[in-house]
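All remarks here apply to the structure that follows.
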Amino acid sequence: MSKMRLTGAQIVWKCLEREGVDTVFGYPGGCVLPMYDALQHTPSIHHVLVRHEQGAAHMADGYARATGRVGVALATSGPGATNLVTGIATAMLDSSPIVCLTGQVGSKFIGTDAFQEIDITGITMPITKHNYMVTDVNDIARTLREAFIIARTGRPGPVLVDITKDAQMASCDFEWDFAMPRLRKLETWESPDPDQLAEAAALINNAERPVILAGHGILMSGAMQDLQLFAEASDIPVGLTLLGLGAMPHFHPLCLGMMGMHGEAWLNHAIQSADLLIALGMRFDDRVTGKLESYAQNAKKIHVDIDASEIHKNVRADVAIVGDLKQVLPKLTPLLTPVKRSALWAEINEAKGAVAVRDIRNLPDTGHLYAAHVIHDLWRETKGKALIVTDVGQHQMWEAQYYHHSEPRSLITSGGLGTMGFALPAAIGAKFSRPEADVWVIVGDGGFQMTMAELATIVQENIKVNIAIINNGYLGMVRQWQEFFYQRNYAATPLVNPDFTKIAEAYGILTFAVTHRDEVAPTVQKAREHPGPVLIDFRVEQEDSVYPMVPAGSALHEMIRRPSAIVETADE
Amino acid sequence: MNMTYLLDVANHTGVVTRISLIFRRHGANLQSLSTAKTEHPSIVRIVVTSDLEGRAAQRIKGQLSKLIDIFKVDMISNEEGTFRAFGMMKIACTLQTRPQILQLLEIFNGRVLELTIEWVLVEMTGTPEQLEGLLQVLQPYGILEAVETGPIVIRRNSPRNAARPQPTWEVVPGTLSAGTSSTSTSTTNSTQERKRYGTDLL
């Protein structure tokens with residue numbers, strides 16, 4: 001590309017184009033007006049006007065998680081920038097590669113408390129992988145290139161670039177090839193240390209009761225195949241974290257489902273009685289380990305992660321390999337001795353059988369609509385192929401338990417930060433990232449109301465996103481904690497809800513309300529056939545709880561199990 | 001015991017804030033923080049001592065290492081480095097005590113900066129312990145004012161200059177552009193794209 005004289009605002013769009021960005025989620029305002037003015041000359045980038053900047057950040061996040069490509073959000077200075085904060089933190093905790101662009105007041109006004117001036121780089125320092133403030137037009141191109149590299153390299157994460165209005169308006173010569181990023185040398189994850197690999201293999205080959213704990217890292221690294229081959233090589237059971245769902249097909253014989261606080265009982269028991277844990281791209285979050293002091297006490301631990309600071313952070317590893325799973329696993333698998341672990345599997349399968357009897361799907365149909373029914377039937381109707389975006393709370397756990405994910409990147413959810421209001425905007429972003437996907441939002445009645453303004457974005461962009469509200473009239477997960485640990489003191493958890501079908505109708509969205517189980521499947525079918533967006537209000541049992549549950553601070557095997565009289569209790 | 005962190009960082013705005021945020025997040029109290037120029041203009045040596053020990057101190061080290069502006073993080077003990085701090089003390093003195101003070105100063109390798117009939121201003125360079133020692137012996141004469149910098153450190157065992165991070169700015173090839181092809185990138189492709197990006201860069 002030859003040299004061109006461009007304004008800072010034009011340079012921003014040129015750089016985004018060169019970085020392969022096709023969609024930007026944003027909201028205009030005074031300090032980004034130059035950028036919006038220059039947008040018209042960039043036909044290859046589609047701008048999605050959101051209704052709240054938090055939505056823009058979540059959309060960029062959803063966009064990134066659906067494919068792994070960097071998502072971009074754009075907001076103005078001051079309140080525009082601060083509204084991004086929750087979305088940035090969500091992306092940070094779940095290692096999602098996004099770049100947030102914010103406008104800033106002119107450099108002459110910085111530090112004067114000018115109108116809509118806020119120190120957004122200061123605010124976002126702890127919640128970004130890195131951030132920049134750019135005051136000189138000559139720095140814009142290089143900074144943006146660095147931002148994209150940082151966002152997607154190694155352990156991905158959010159990067160914020162704050163550009164002053166005068167830098168956007170000034171002009172300079174722009175030449176992509178000369179705007180070289182200057183970053184410190186980043187580590188390579190090419191070749192794991194052979195000694196460590198040998199040590200890890202020795203531990204695995206000598207283990208009687210190993211369990212693999214596979215996390216988000218498998219998906220981000222694209223190591224799904226490698227994980228399967230690795231587990232199959234030595235007949236090792238695989239447990240998944242919430243964000244790891246889809247890393248291994250749910251019905252793969254070695255896959256035990258989700259672990260942790262609301263994980264499968266047989267898996268949590270297998271972990272607690274393991275003599276070796278092989279942690280792959282996961283970070284021993286407290287929701288996964290329960291009480292650390294009593295976590296898998298007899299197990300040695302192998303920890304493979306791309307982020308060196310995760311090693312020994314929560315759980316001390318006996319063998320630690322810092323590396324990219326896509327590089328590490330193929331080198332580790334050939335070192336394993338093929339074995340059949342029949343005794344271990346007999347034990348696990350027995351535990352599985354005992355639990356299945358208590359499964360809510362197997363309870364007699366008494367006309368009650370349970371969230372588990374909704375999600376199970378949705379899974380059947382979509383043949384497990386949908387791209388599901390969940391919010392945070394009970395429905396999120398039910399989805400994880402009853403929607404059997406077999407495809408990578410088929411579940412997008414806020415795991416680390418647990419951001420209510422995430423689902424709807426994230427699903428919009430995901431749809432732009434994978435337009436061919438059958439995108440379903442599963443969201444509670446509480447979380448939906450946090451960001452439901454984005455319904456307008458769906459209609460405005462005319463995108464096909466299906467919304468399933470699991471409506472129980474409560475902030476359900478909090479209510480569940482109040483039921484279990486606060487003597488049913490339902491303080492501030494009952495919700496007075498609007499009629500969600502009428503709200504969606506007002507936006508011109510097709511709606512259904514479902515109250516009985518036999519209506520679930522046909523309604524899902526109708527929704528899928530409809531060419532436009534659909535909202536379904538599933539009015540489910542109000543005081544249903546998620547089982548099993550490991551109370552916070554308890555050991556992983558100390559689970560609260562589903563009371564057998566659940567149907568009767570629900571009648572009360 | 002205090003932990004000492006030796007940081008080689010880029011000479012960028014805000015880098016001290018980024019560092020102190022990580023300590024603050026862990027509730028660590030910074031005992032001292034000193035920044036010093038190095039022989040390379042784009043690298044600054046920051047020495048931080050904090051009161052956190054054990055796992056938390058290790059966690060801080062890991063999280064510091066992740067900062068984009070940091071080249072190298074070391075945690076070192078007193079034996080592993082040469083520590084030097086600088087102190088200035090203004091001591092009350094009379095005609096009678098003056099010779100005693102000057103004598104003490106000589107023992108501690110201190111130096112007189114200014115001398116009046118009522119006070120003497122001294123300076124001293126040494127380990128934080130030596131500075132503390134001088135302060136203690138001067139205490140009885142009356143300390144009017146005393147200030148001390150945090151230590152700066154040179155590693156004792158740096159294997160010649162090899163360990164010294166040379167300006168590690170990486171110039172990244174200019175032809176990279178991920179995801180330009182189409183919007184319907186399949187999952188596998190996009191992951192490969194990301195990977196290719198990662199490796200090209202490195």
Quiz item: Using a cut-off of under 4.5 Å for heavy-atom pairs, which of A/H130, A/E146, A/E407, A/E310 has the most such pairs with chain B?
Solution: A/H130
Quiz item: Do A/D438 and A/K385 sit within salt-bridge range, that is, some charged N less than 4.0 Å from a carboxylate O?
Solution: no
Quiz prompt | Contact origin within B/R55 toward chain A - heavy atom pairs under 4.5 Å | solution = side chain
Practice problem: Please check if any side-chain donor atom of A/E17 sits under 3.5 Å from a side-chain acceptor atom of A/S44, or the reverse. | Solution: yes
Quiz item: B/N11 and B/S42: side-chain donor and acceptor closer than 3.5 Å?
Solution: no
Self-check item: A/R145 to A/W176 six-membered ring, cation-pi geometry met (6.0 Å, 45°)
Solution: yes
Exercise. With a 4.5 angstrom heavy-atom cut-off, could you sort out which part of B/L67 is near chain A: side chain, backbone, both or neither?
Key: backbone
